[in-house]
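Let me begin by presenting the structure, written as structure tokens, before commenting on it.
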Amino acid sequence: MPIHEKSLIRPENLITHDSLVIDGTDVSGHWSTFIKSRTITDYNEAMQDEIAALPGGEYIHRCWQCGSCTNACTVNAVNPDFNPRYWIYLIRTGMEEELLRDKDIIWQCVSCNKCTYACPRDVFPEGVMKATAHWLELKGHTAASPATHFDATFTEQILATGRMEESHTLRSFFKRTGQPLNQPWLVALVTGMAKRFPLFFMIRMGLAVVFRPRTRGWARTEGVLRDFVSQRRARNAAALGLDSKEGH
Ligand code: SF4
Ligand code: SF4
């Protein structure tokens, strides 16, 4: 009997024999394809709660597996292995090991939110993808992604000064991710700006780079925001059973 949707079966679970004769009938090759039964013993019963505790994952419990998110997904259109519906199913049923097989592609969500608009249950699948990528990092299953480094750089700058200074953000981001500053696109951008922007504007930008001005009266707001961020980190860490320093 042919195997329908063979692509959905892990290759290592398909067993064939180059040469096999049963009761005098040659069933070699694909005629004797067997599917190894899947045995799962390591459920993580807390996985849905852990992901629901992270920002974006709150409504995962609403999913009824219609598949509209995957059907609408920008990344799925170019990589069928990128499957939000399936990952939500794995999370809700606690199949951690199965989810970890795809750990290196979950971060590829481009936040287009097409899934969010297609979802009939307001699950907010884009948020679930973000929470899942975050969960993978916090649990140590994946290294911090460039997006996480950028978030950390951006947040630290806002907390420190109450304002956004693009060149500082870029320099910090490149430093954190080990990238050189003299990237061709950046050189072209700065050169173009130097040619087109008025001199006083460029001088103002240069001064902002050197002196990093703060928003007036920022100290009080900074204290409140830093408290909020550390409380949120502690809450994330507690939900995942981690040390509070790990709950970024
Ligand atoms: S937001 Fe992410 S998961 Fe949703 S459709 Fe876009 S790429 Fe796919
Ligand atoms: S569209 Fe919504 S309800 Fe349907 S599978 Fe995706 S997340 Fe679940």
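- Counting heavy-atom neighbours within 6.0 Å of R101 CZ, excluding the residue itself, gives a total above 12.
- At distances below 3.5 Å, not a single donor-acceptor pair connects side-chain atoms of R212 with backbone N or O atoms of T161.
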Checking side chain to side chain donor-acceptor pair (under 3.5 Å) for the pair E98/Y89: CA distance, chi angles, key distance, verdict?
CA-CA 11 Å; E98 199 71 8; Y89 163 75; over 6 Å; no

L136 vs L100, test: side chain to side chain contact (heavy atoms under 4.5 Å, CB included). Steps then yes/no.
CA-CA 8 Å; L136 287 165; L100 293 184; 3.6 Å; yes

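- For T177, the side-chain hydrogen bond (donor to acceptor under 3.5 Å, both in side chains) partners at least two apart in sequence or on another chain are Q179.
- Under a cut-off of 6.0 angstrom, the local environment of CZ in F173 is crowded, with over 12 non-hydrogen atoms contributed by other residues, nucleotides or ligands.
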Decide yes or no on side chain to side chain contact (heavy atoms under 4.5 Å, CB included) for I35 and L14, but give the supporting numbers first.
CA-CA 5 Å; I35 304 171; L14 290 170; 4.1 Å; yes

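- In this structure, W87 and F82 have side chains that are in contact, with non-hydrogen atoms separated by less than 4.5 Å.
- When atom types are taken as modelled, the side chain of E58 and the backbone of G56 share a donor-acceptor pair closer than 3.5 angstrom.
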Trace of the salt bridge (Lys or Arg N to Asp or Glu O under 4.0 Å) decision for K103 with E137:
CA-CA 10 Å; K103 67 186 168 74; E137 289 181 11; over 6 Å; no

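- A 4.5 Å side-chain heavy-atom check between R92 and Q65 finds every atom pair outside the cut-off.
- Proximity of E50 to N44: side-chain heavy atoms (C-beta onward) are separated by under 4.5 Å at one or more points.
- Put simply, the side chain of T70 never gets that close to the backbone of G67: no donor and acceptor are under 3.5 Å apart.
- Looking at W107 and P146, their side chains never come closer than 4.5 Å, going by heavy atoms from C-beta outward.
- Closest of all the heavy-atom pairs between G29 and T16 is O-CB, 3.9 Å.
- Distance alone, capped at 3.5 Å, places no donor-acceptor pair between the R163 side chain and the R214 backbone.
- Across all non-hydrogen atoms, the minimal contact from Q108 to V75 is O-CG2, 3.6 Å.
- Across R176, E165, E166, a single residue satisfies side chain to side chain contact (heavy atoms under 4.5 Å, CB included) together with R171, and that is E165.
- Few gaps surround CG on D227; more than 12 heavy atoms of other groups in view lie less than 6.0 Å from it.
- Between P84 and C115, the closest side-chain pair of non-hydrogen atoms is not below 4.5 Å.
- Summarising the geometry of T153 relative to S172, their closest heavy-atom pair is CG2-CB, 3.2 Å, with the distance given to 0.1 Å.
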Yes or no on side chain to side chain contact (heavy atoms under 4.5 Å, CB included) for C109 and K130, after CA distance, side-chain angles and deciding distance?
CA-CA 8 Å; C109 168; K130 284 282 176 297; 4.0 Å; yes

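- Taking 4.5 Å as the limit, some side-chain heavy atom of N236 sits within range of a side-chain heavy atom of P55.
- Here the side chains of L99 and W135 are in contact, with some heavy-atom distance below 4.5 Å.
- Residue Y59 qualifies as open at atom OH: its count of foreign heavy atoms under 6.0 Å is 12 or below.
- Counting non-hydrogen atoms of neighbouring residues, nucleotides and ligands closer than 6.0 angstrom, the CD atom of Q183 exceeds 12 such neighbours.
- Here the OH atom belonging to Y86 is positioned 14.0 Å from the CG atom belonging to N76, to the nearest 0.5 angstrom.
- Other residues, nucleotides and ligands contribute only 12 or fewer heavy atoms inside 6.0 Å of the CD atom of E45.
- Residue F174 is grouped with residue V190 when hydrophobic side chains (ILVMFWY) are merged at heavy-atom distances under 4.5 angstrom, including chains of intermediate members.
- Judged by distance alone, the side chains of Q157 and T169 do bring a donor and an acceptor atom under 3.5 Å apart.
- Residues W218 and T221 meet the side-chain proximity criterion, which asks for heavy atoms closer than 4.5 Å.
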